[in-house]
Amino acid sequence: MGLTLTRAAQWTSSSTAKLESTPLNESLLKEILDFVEKIGSKSPQEAGHVFEEPLQWNTTLVASHFKAGYDIRDSIVESHEKDSEGKPLLQLSPPSLYVRNFSQLSKLLHVAEDGKLQEVQACLEENRHPMVNILGWNFISKLDRTGSPPEVPIDASEEDVKVKLFILLQDIDKKILNKLVAEISEQVQLDPTMVTKEVELLKQCCTEGEERLLKSLRYTSDFEFSNGCRAPLWRQALGEICYLVIELCDGEILNITCSSAGVFLNAGFQQEGDESHYERKSDFYEDLASLLKSRSPHFAENINKQNISFQLLTHLKGLS
């Protein structure tokens, strides 16, 4: 339920965005469900920490689903457990549900039984930035400035427990993302090795003179992960491998995403921290050469003159 997990999820493009029905989202929801169900027994101190703001969503649960541990008055349900101000840590006023810590969230999923995955989905859809609810804007802003949480003493205060909870959420983020990346890599059509080979071949086309097919080609990031990808981990979970900026001899500059499903134009990098540049702006193409042929008459006309290298690339793809 951390920041990178909300980014990795696949959302519909409507104004009231929902999680798409995809294998990746299903895996994501199951991993989050597993984490929440176990946090009470594995990390009781962190599970008991009261959120800065409750997680709120519309539920299908009603008063009859709740038994011991709750006060029930007609359709209204309140947990016996309260925060320091006397507010219940769980409150149901159908269909609205409010949950104020992971301990109550875990108990709620037990109550939901077969519907617990749907509750996790509804919670994420109606709380797009759960870390802000859980830890608060001030805490998140402080982390953004310092880059890392402080050391936590053994005799942890309330603020220290919040830091421990952040570290716990950060760790589970990374574990789930790595698992999703591994699942994606088993289903790829393109892989980092093939993309790298094609990029290197295309760089040879960025020469001067009559044989020049492209003006320039560069990666947007010099950092390469051990798996050969240059995309951030949370984008790798979506199958993305790397991002390129290619200047055509025809004058156009292309911003390109290479992914396991193919290559496509993205919105371009406008400013630091702007995530809108990841948005897909074209159809998928099976490789870079196919996309470039569709955008550059010069490239399409002259590629056949240097066809030997690309015939070799096609052969290599057949062997991969």
Side-chain angles (χ1 to χ4, degrees), residues 10 13 24 181 184-272 274-320:
Q10 296 171 316
S13 57
L24 183 142
V181 169
I184 288 288
S185 66
E186 295 176 356
Q187 308 166 14
V188 298
Q189 299 174 26
L190 287 180
D191 61 44
T193 300
M194 291 312 305
V195 170
T196 300
K197 287 176 181 176
E198 187 171 19
V199 168
E200 292 306 312
L201 283 173
L202 288 171
K203 282 183 176 179
Q204 297 173 26
C205 301
C206 300
T207 58
E208 298 293 338
E210 295 181 358
E211 294 187 352
R212 186 184 199 184
L213 296 181
L214 302 168
K215 280 190 178 181
S216 66
L217 182 157
R218 65 177 176 85
Y219 290 105
T220 60
S221 172
D222 293 328
F223 180 79
E224 183 176 332
F225 288 89
S226 59
N227 61 3
C229 292
R230 295 171 187 258
L233 271 178
W234 61 275
R235 299 303 299 184
Q236 289 183 44
L238 300 178
E240 294 180 7
I241 297 169
C242 66
Y243 312 100
L244 303 169
V245 178
I246 299 180
E247 186 176 1
L248 305 177
C249 292
D250 312 75
E252 187 179 10
I253 296 177
L254 304 180
N255 296 280
I256 298 173
T257 297
C258 299
S259 75
S260 60
V263 302
F264 57 87
L265 297 179
N266 62 51
F269 290 70
Q270 301 298 322
Q271 62 184 30
E272 188 71 23
D274 181 10
E275 297 177 12
S276 64
H277 60 261
Y278 294 111
E279 183 179 351
R280 182 164 63 90
K281 292 294 185 179
S282 75
D283 293 334
F284 281 95
Y285 294 83
E286 64 177 354
D287 52 34
L288 287 166
S290 299
L291 187 155
L292 293 171
K293 285 180 182 179
S294 74
R295 303 292 298 195
S296 170
H298 175 82
F299 185 89
E301 180 181 349
N302 291 279
I303 186 63
N304 290 333
K305 298 175 183 178
Q306 300 183 28
N307 205 32
I308 295 177
S309 293
F310 285 92
Q311 285 179 348
L312 174 61
L313 179 67
T314 301
H315 174 65
L316 288 172
K317 284 181 179 179
L319 296 178
S320 64

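Residue indices begin at 1 and follow the sequence shown.
- In this view, Ser259 satisfies the side-chain hydrogen bond (donor to acceptor under 3.5 Å, both in side chains) rule with no residue, not counting sequence neighbours.
- Residues satisfying the side chain to side chain contact (heavy atoms under 4.5 Å, CB included) criterion with Pro192, sequence neighbours excluded, are Cys229, Ile241.
- Legend: residues meeting ring pair (Phe, Tyr, Trp, His ring centres under 6.0 Å) with Tyr285, ordered by chain and number and at least two apart, are absent.
- Each ring pair (Phe, Tyr, Trp, His ring centres under 6.0 Å) pair with one or both residues in residues 200-221, not counting sequence neighbours, would appear here, but there are none.
- Sorted by first then second residue, the salt bridge (Lys or Arg N to Asp or Glu O under 4.0 Å) pairs that include residues 254-268, not counting sequence neighbours, number zero.
- Considering all non-hydrogen atoms of both residues, Gly262 and Leu190 come closest at CA-CD1, 3.8 Å.
- Considering all non-hydrogen atoms of both residues, Pro232 and Tyr278 come closest at CG-OH, 3.7 Å.
- Side-chain atoms of Arg235 never come within 3.5 Å of backbone atoms of Glu240 as a donor-acceptor pair (strictly under, hydrogens ignored).
- From Thr257, atom OG1 reaches atom CD of Glu279 across 11.0 Å, with rounding to the nearest 0.5 Å.
- In terms of heavy atoms, Tyr243 sits closest to Asn266 at CD2-ND2, 4.1 Å.
- Rounding to the nearest 0.5 Å places CZ of Phe225 at 11.0 Å from CZ of Arg230.
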Sequence neighbours excluded and cut-off under 3.5 Å, please list the side-chain donor-acceptor pairs for residues 246-254, or say none.
from: Asp250; atom 1: OD1; to: Ser296; atom 2: OG; distance (Å): 2.3
from: Asp250; atom 1: OD2; to: His298; atom 2: N; distance (Å): 3.2
from: Glu252; atom 1: OE2; to: Arg295; atom 2: NH2; distance (Å): 2.6

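- For Thr193, the side chain to side chain contact (heavy atoms under 4.5 Å, CB included) test picks out Asp191, Lys197, with sequence neighbours left out.
- The side-chain hydrogen bond (donor to acceptor under 3.5 Å, both in side chains) test applied to Ser290 returns Asp287, not counting sequence neighbours.
- Separation of atoms CZ (Phe299) and CG (Leu288) is listed at 8.5 Å; rounding is to 0.5 Å.
- When the side-chain hydrogen bond (donor to acceptor under 3.5 Å, both in side chains) test is applied to Asn255, no partner is found at least two apart in sequence or on another chain.
- Listed by chain and number, the residues in a side-chain hydrogen bond (donor to acceptor under 3.5 Å, both in side chains) with Glu200 amount to none (sequence neighbours excluded).
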